[in-house]
Amino acid sequence: ETLKEVSLGYNGITHVGVVKLAAALPVRKTLRKLWMFGNRLGDSGIESIAKAVPHSGLRVLNMHVFESEAVIVGEMLKKGARLRALYVNE
């Protein structure tokens, strides 16, 4: 059986952890839903997720994004992310 959904909301994850998680996304293409809300991902964390998502199997992504990081998320969508739902909370 494969992992299809991970909920990591409010787990104190920072840019360091999310960079490592993002590196696994293109390899674990069976993961469909990733819930990251309530963590301080930072610009580098958001950027690493944004680069990985178009090469992953993710269809639902939820994370806190601040106004300054919204451009990074927009670029992710332009690069072919196949998301069906994107939840960005400030």
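- Grouping Ile, Leu, Val, Met, Phe, Trp and Tyr residues whose side-chain heavy atoms lie under 4.5 Å apart, directly or via other members, leaves Val71 alone, with no other cluster members.
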Can I get a per-line list of side-chain donor-acceptor pairs under 3.5 Å for residues 35-51, giving both atom names and the distance, sequence neighbours left out?
residue, atom, partner, partner atom, Å
Trp35, NE1, Glu5, OE2, 3.0
Asn39, OD1, Asn11, N, 3.0
Asn39, OD1, Gly12, N, 3.0
Asn39, OD1, Ile13, N, 2.9
Asn39, ND2, Leu8, O, 2.9
Asn39, ND2, Met36, O, 2.9
Asn39, ND2, Phe37, O, 3.4
Glu47, OE2, Lys51, NZ, 3.3
Ser48, OG, Ser44, O, 3.4
Ser48, OG, Gly45, O, 2.8

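- A continuous path of ILVMFWY side-chain contacts below 4.5 Å connects Val6 to Val53, so both sit in one hydrophobic cluster.
- Among all heavy-atom pairs drawn from Met63 and Val73, the shortest one is CE-CG2, 3.9 Å.
- In terms of hydrophobic clustering, with Ile, Leu, Val, Met, Phe, Trp and Tyr side chains grouped at heavy-atom distances under 4.5 Å, Phe66 and Val19 are assigned to different clusters.
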Side-chain atoms of residues 81-88: list all donor-acceptor pairs with protein atoms under 3.5 Å, sequence neighbours left out, distances to 0.1 Å.
residue, atom, partner, partner atom, Å
Arg82, NH2, Ser56, O, 2.7

Report, one line per pair, each donor and acceptor closer than 3.5 Å where one atom sits in a side chain of residues 21-32; sequence neighbours left out.
residue, atom, partner, partner atom, Å
Lys29, NZ, His55, O, 2.8
Thr30, OG1, Leu3, O, 3.3
Arg32, NH1, Lys29, O, 2.7
Arg32, NH1, Gly57, O, 2.9

